[in-house]
Amino acid sequence: MRIFTNESLPKILKDRYIYLDNDFLSEIFSNQEDVFIDFRTKGKIINILIDYHIEFEFLRDVFLPEQIKLKEDFLSTEIFIPSNNHPEVLKKIQENALILSKIYAHCQKSKEVGYVDLQLAARIMFQHSISLLITGNKKHYPCVFDTLNIINIEQEDNTVQSYYVLSFNYDKFTEKNRNLSKITR
Amino acid sequence: MLNFSKSIKPHFSEYKDFKPLPSIGEKEEKQAINKAVDAIVKNRKLVEEHLRKSR
């Protein structure tokens, strides 16, 4: 199994905090180890952050003790850095998430967006100038996110799963938030 | 009780410049990668074994 991407990926990911959505994190854990190594080398990614909601999603529903340990071992490697969970930061992220949910609803794009998606989006928004997100489901991050690149991962059944490198677009957010304010005023 | 203020405003971090996360050193990084790869391989074997038994 291999990762297919273009040469601009390392440039895009350089000097950014890279947050992983659970689908991508699970993909690199569940796929062949080559995918994980490819991801590290081709993307030259060293600053991977894991939001605690994603840690929860990654560890949930696993009941085999051996597998729980393997997942915990995987996440506990120094490759993954836990996100800042200071209560003051979390409160701000919560409020960002609430605003984003209203913007998504106003854009009629809120149907498929879950709680964890909103929390992760809100965290990226909080540090938008230096943060990027890798996710397999762009529909969960609508309206104010731009696609910067696509990572394709070959699957065992010869299909390809695409993952999006997304950035928060501050200008789009400002415009949509302004439009929203006109209604809620 | 409301946990959210009535007129919430967007929040953006005051830290706008990227600061690399502390480097763990080449040797430690290799060890971390090996540990991660080890977990991946063991997990795959575990899943395969589980699937074989459930057939």
Side-chain angles (χ1 to χ4, degrees), chain A residues 14-18 28-37 40-41 46-49 62 64 66-67 69-81 84 88-89 91-100 102-103 122-123 125-131 168 170 173-174 177 181 184-185, chain B:
Chain A
K14 190 174 181 281
D15 293 346
R16 291 285 183 275
Y17 299 124
I18 313 300
I28 57 173
F29 179 69
S30 309
N31 214 312
Q32 304 279 340
E33 60 275 20
D34 323 12
V35 168
F36 172 74
I37 292 167
R40 291 278 300 178
T41 50
I46 47 169
N47 300 294
I48 305 174
L49 283 107
V62 183
L64 289 173
E66 303 97 308
Q67 195 168 34
K69 188 174 181 311
L70 289 172
K71 283 198 154 194
E72 286 172 351
D73 284 352
F74 182 67
L75 268 193
S76 69
T77 58
E78 286 88 344
I79 293 158
F80 303 111
I81 314 292
N84 178 354
E88 264 183 43
V89 173
K91 174 134 178 61
K92 288 175 181 173
I93 288 172
Q94 286 286 347
E95 295 196 347
N96 280 358
L98 193 59
I99 295 171
L100 284 176
K102 292 173 186 189
I103 289 175
R123 190 178 279 279
M125 172 183 161
F126 183 64
Q127 279 195 308
H128 66 93
S129 57
I130 46 176
S131 301
F168 177 84
Y170 179 80
F173 170 82
T174 307
N177 197 34
S181 307
T184 53
R185 202 181 292 153
Chain B
M1 187 193 88
L2 270 179
N3 278 316
F4 295 97
S5 53
K6 282 182 182 170
S7 54
I8 56 169
K9 286 180 180 163
H11 301 283
F12 300 104
S13 172
E14 58 199 72
Y15 302 106
K16 296 193 189 315
D17 296 325
F18 176 82
K19 283 182 190 154
L21 297 167
S23 174
I24 57 169
E26 207 175 314
K27 191 183 162 196
E28 287 80 3
E29 192 182 319
K30 266 189 183 170
Q31 283 173 347
I33 290 173
N34 287 342
K35 192 179 167 189
V37 167
D38 189 51
I40 292 169
V41 172
K42 283 180 179 164
N43 177 65
R44 196 175 60 248
K45 284 180 182 166
L46 189 73
V47 172
E48 282 169 2
E49 196 184 314
H50 186 70
L51 287 173
R52 204 172 44 245
K53 279 181 186 169
S54 62
R55 265 185 215 133

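Throughout, a chain's letter reflects where its sequence line sits, starting with A, and its residues are numbered from 1. The figures that follow rest on heavy atoms only: side chains count, while hydrogens, waters and symmetry mates do not. Note that this is a predicted model, so its numbers are computed, not measured.
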How long is the span from the [atom1] atom in [X] to the [atom2] atom in [Y], to the nearest 0.5 Å?
X: E78(A); Y: I33(B); atom1: CD; atom2: CD1; value: 11.0 Å
X: N31(A); Y: I40(B); atom1: CG; atom2: CD1; value: 9.0 Å
X: T77(A); Y: Q31(B); atom1: OG1; atom2: CD; value: 12.0 Å
X: K91(A); Y: I8(B); atom1: NZ; atom2: CD1; value: 8.5 Å
X: Y15(B); Y: Y17(A); atom1: OH; atom2: OH; value: 10.5 Å

Closest heavy-atom pair and its distance - A36(B), I79(A) |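 Closest pair (atom of A36(B), atom of I79(A), distance): CB-CD1, 4.0 Å.
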Which atom of V37(B) lies closest to which atom of E33(A), heavy atoms considered =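 Taking V37(B) first and E33(A) second, the nearest heavy atoms are CG1-CB, 3.8 Å.
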Residues of residues 41-48 of chain B near chain A, each having a heavy atom less than 4.5 Å away =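 Hits under 4.5 Å: V41(B), K42(B), N43(B), R44(B), L46(B), V47(B).
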Toward chain B, the part of [X] with a non-hydrogen atom under 4.5 Å:
X: L100(A); value: neither
X: I81(A); value: side chain
X: I93(A); value: neither

So among E88(A), E95(A), K92(A), which one has a side-chain hydrogen bond (donor to acceptor under 3.5 Å, both in side chains) with H11(B)?
->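 Looking at E88(A), E95(A), K92(A), the match for H11(B) under the side-chain hydrogen bond (donor to acceptor under 3.5 Å, both in side chains) is E95(A).
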Side chain to side chain, K35(B) and S76(A), heavy atoms closer than 4.5 Å |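 Yes; the side chains approach each other to less than 4.5 Å.
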Please work out whether the ring planes of F168(A) and F12(B) are parallel, tilted or perpendicular, with thresholds of 30° and 60°.
->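 Correct class here is tilted.
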May I ask you to name which of [options] has the most heavy-atom pairs under 4.5 Å with chain B?
options: E66(A), M125(A), H128(A), K71(A); result: M125(A)
options: S129(A), S30(A), S131(A), A122(A); result: S129(A)
options: I130(A), D15(A), V89(A); result: D15(A)

